[in-house]
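Single-structure report; data block below.
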Protein chains: 2
Amino acid sequence: MDTEDGGAKLIDVARLANCSPATVSRVLNGNPTVNETVRERVARAARDLGYVPNGSARALRSTRTRLVGAIIPTLDHAIYATMVDGLQARLAEKNVSLIINTSTYDIDLEYEQARLLVERGAESIVLVGSTHRSETLAMLEQKRIGYVYTYTSRATEAGAAVGFDNEKAGRTAARYLLDLGHTRLGMIAGITQDNDRAAGRRDGFLNELERSGIDLASVPVVEGAYRLDDGKTGMKRVMEDRRRPTAVFCGSDILAAGAIKYCHGAGIAVPGEVSIVGFDNLEIAELTSPELTTLEVPARDMGRIAADYILASPSQRLHLRQRELAIRLVVRESTAVAPR
Amino acid sequence: MDTEDGGAKLIDVARLANCSPATVSRVLNGNPTVNETVRERVARAARDLGYVPNGSARALRSTRTRLVGAIIPTLDHAIYATMVDGLQARLAEKNVSLIINTSTYDIDLEYEQARLLVERGAESIVLVGSTHRSETLAMLEQKRIGYVYTYTSRATEAGAAVGFDNEKAGRTAARYLLDLGHTRLGMIAGITQDNDRAAGRRDGFLNELERSGIDLASVPVVEGAYRLDDGKTGMKRVMEDRRRPTAVFCGSDILAAGAIKYCHGAGIAVPGEVSIVGFDNLEIAELTSPELTTLEVPARDMGRIAADYILASPSQRLHLRQRELAIRLVVRESTAVAPR
DNA sequence: CTGTTAGCGCCTTCAT
DNA sequence: ATGAAGGCGCTAACAG
């Protein structure tokens with residue numbers, strides 16, 4: 001008969017265990033003030049009934065959802081997937097679930113998704129970068145929902161940030177190439193529109209060049225989406241500049257890999273004729289020929305540390321509000337001293 | 001004064017719009033039986049108050065959560081990340097949220113996570129492969145939660161499947177290499193423990209060889225995790241076999257990329273001395289030198305189609321229960337006819 | 001240590 | 001076309 005649709009509920013467990021619903025609730029929530037024998041009876045009853053708590057009811061009553069949201073540009077880029085992997089793993093250890101949304105780099109879509117996450121009861125939200133619609137932040141702040149920026153170290157008044165300084169990273173790349181004696185440089189940046197990270201890297205790179213007395217008007221800079229093809233066509237354009245550069249900084253390893261591929265096809269020696277520096281240190285950096293010199297981004301760590309922030313108590317959070325992680329230059333084979 | 005903690009609720013909207021909560025609810029849910037002017041008044045009031053519905057209350061009352069869960073081995077492998085990307089994108093179009101959990105290829109952990117998802121009210125669950133604990137499936141079936149297998153085409157009685165036939169894929173790889181005249185073959189498979197996909201590919205490969213009269217005792221088969229390093233060491237072991245193969249099938253592009261790298265280091269020509277076939281057709285397949293011949297897996301499509309199944313009505317679902325997608329051999333440069 | 005009571009915020013009959 | 005009332009399943013006081 002009573003096959004039931006959803007299954008047993010708390011009160012059924014209480015009946016079977018011969019106690020009050022309150023006691024069952026206490027056992028379920030690990031409240032230690034319950035007699036050992038009762039606790040066991042309840043646990044047994046719950047098991048026998050295949051009882052699974054109703055999270056919605058629980059959330060409604062307790063105003064704790066144990067739900068966290070993340071809005072990232074895409075999962076199709078290893079740099080974000082890895083970050084999310086770290087985030088999820090750490091949250092899961094504490095029985096916190098992660099809802100993921102992809103914004104495809106669109107901050108309007110991001111707003112819609114943030115709204116949905118708020119509606120779902122997300123207690124914290126992980127965002128990428130520091131460029132967001134003001135409505136998004138206003139909503140989160142109004143609802144008292146904590147948020148964490150990643151891939152940037154610039155926190156806001158209300159939010160936290162765990163990441164790195166993209167501007168500094170760009171300068172590091174420039175410094176490295178300058179020190180190799182390069183004076184004709186170029187860059188294939190990511191799309192900088194609404195993307196503070198791509199813009200930061202580019203600006204840092206150019207600023208450092210300028211500080212070294214290089215005329216920026218002579219530095220070809222193109223933008224491309226993070227795809228192999230855009231790396232190829234980007235490199236083509238950069239290399240066709242009337243002052244062909246001897247060193248090119250790419251806003252991501254994918255772009256750099258595409259750039260190298262273009263050089264292969266065009267018969268341009270890397271690093272003989274042109275040095276190439278990537279960004280991210282993905283697995284692919286070891287697959288190109290020559291292997292790629294690149295800047296390593298601590299993707300997984302960012303996810304983990306963002307999780308730590310989220311899981312921390314309000315008082316602990318203060319210490320964790322702004323975490324700048326180190327960027328490391330990984331020198332491989334795609335860079336060399338300037339020719340001649 | 002009343003800064004409120006969470007913010008306005010439905011009844012506040014009702015008061016401001018001068019109508020009953022029931023009417024507000026109707027407007028929110030797109031019930032068409034509401035007068036146009038009232039509808040607008042309500043919408044306006046909601047906007048002015050920054051009202052966001054409480055999903056938990058809604059779910060509790062309506063028993064519809066619009067939440068879907070996915071349990072995948074890891075997001076650190078593009079093949080899964082891309083699938084999830086497709087899944088999420090499609091679900092989001094219909095305002096369905098996706099909770100992601102990673103099982104690290106551990107079916108016990110997978111069970112725990114499935115439990116958590118059930119608790120959260122997931123209405124459907126996406127799983128990878130067809131190897132799962134019976135308790136996991138029993139729980140889902142008991143709770144009447146639909147589930148979809150991916151990366152396999154073998155559906156169960158109660159669940160659906162969208163994917164491909166791994167055994168057939170393995171046979172395809174074997175057939176291709178045999179047709180090139182290879183008679184000494186080897187394989188670097190993924191870890192087959194609790195992994196029907198890795199096992200299926202291996203079995204299909206070996207079965208086809210055996211059918212062609214090849215003595216399986218002479219076919220070196222090693223297993224490795226999906227990492228570059230395991231590809232390298234795997235290839236080393238395979239190539240040190242007393243009957244060094246002239247063709248090696250790898251259970252993933254990552255393994256194949258590692259295998260190629262090993263060959264570079266060991267001075268073994270690819271495909272001159274040994275042909276290498278990968279699996280997945282990731283972006284990296286175009287980055288190796290030589291570029292990788294591989295089998296293309298429709299990762300994004302699987303995600304999208306799984307979403308379509310989930311979003312479909314029960315009656316539509318019948319038609320979608322079992323979807324076998326095609327696997328395509330992508331021939332590049334890492335394979336050639338058998339030497340001599 | 002355990003039970004009783006009273007909602008959390010919303011949707012859904014049932015009236016009107 | 002709209003309103004009134006009840007309760008979804010659980011937990012947080014408060015008693016006892």
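Just so we're on the same page: letters track the sequence lines, and every chain starts at 1. Bear in mind the structure is a predicted one, so any value in this text is a computation, not a measurement.
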What integer distance in Å separates Arg64(B):CZ from dC10(C):C1'? 15 Å

What I want to find out is whether Asp12(B) reaches Lys9(B) closely enough, with some N-O distance under 4.0 Å, to be called a salt bridge. no

Sugar-phosphate atoms are those with a prime plus P, OP1 and OP2; base atoms are the rest. Using that split, label each nucleotide of nucleotides 5-12 of chain D B, S or - for protein heavy atoms under 4.0 Å, 5' to 3'. -BBBBBBB

Under 4.0 Å between a Lys/Arg side-chain N and an Asp/Glu carboxylate O for Arg64(B) and Glu123(B)? yes

Cationic N near anionic O, under 4.0 Å, Asp48(A) to Arg44(A): yes

Does Ser20(B) place a side-chain N or O at less than 4.0 Å from the phosphate oxygens OP1/OP2 of dA4(D)? no

Rounded to whole Å, how long is the line connecting atom CG of Asn18(A) with atom C1' of dG3(C)? 13 Å

Cationic tip of Arg197(A) above Tyr151(A) ring, under 6.0 Å, 45° of axis: no

Does NZ or CZ of Arg154(B) fall inside the cone over Tyr149(B)'s six-membered ring, less than 6.0 Å from its centre and within 45° of the axis? no

Rounded off to whole Å, could you give me the CG-to-C1' distance for the Asn35(B) and dG3(D) pair? 15 Å

Which part of the nucleic acid, if any, lies within contact of Thr33(B), taking any heavy atom under 4.0 Å across all strands shown: a base, the sugar-phosphate backbone alone, or nothing? base

Would you sketch DNA chain D in dot-bracket for me? Only Watson-Crick or G-U wobble pairs with both distances under 3.5 Å count, crossing pairs as [ ], other-strand pairs as |, the rest as dots. ||||||||||||||||

Can you see whether Asp196(B) engages Ser130(B) through a side-chain donor-acceptor pair at a distance of less than 3.5 angstrom? yes

Would you call the rings of His77(A) and Tyr80(A) parallel, tilted or perpendicular if under 30° counts as parallel and over 60° as perpendicular? perpendicular

Would Thr104(B) and Asp106(B) count as having a side-chain donor-acceptor pair, cut-off 3.5 Å? no

Specify the separation, in whole Å, of atom CG of Asn31(A) and atom P of dC1(C). 10 Å

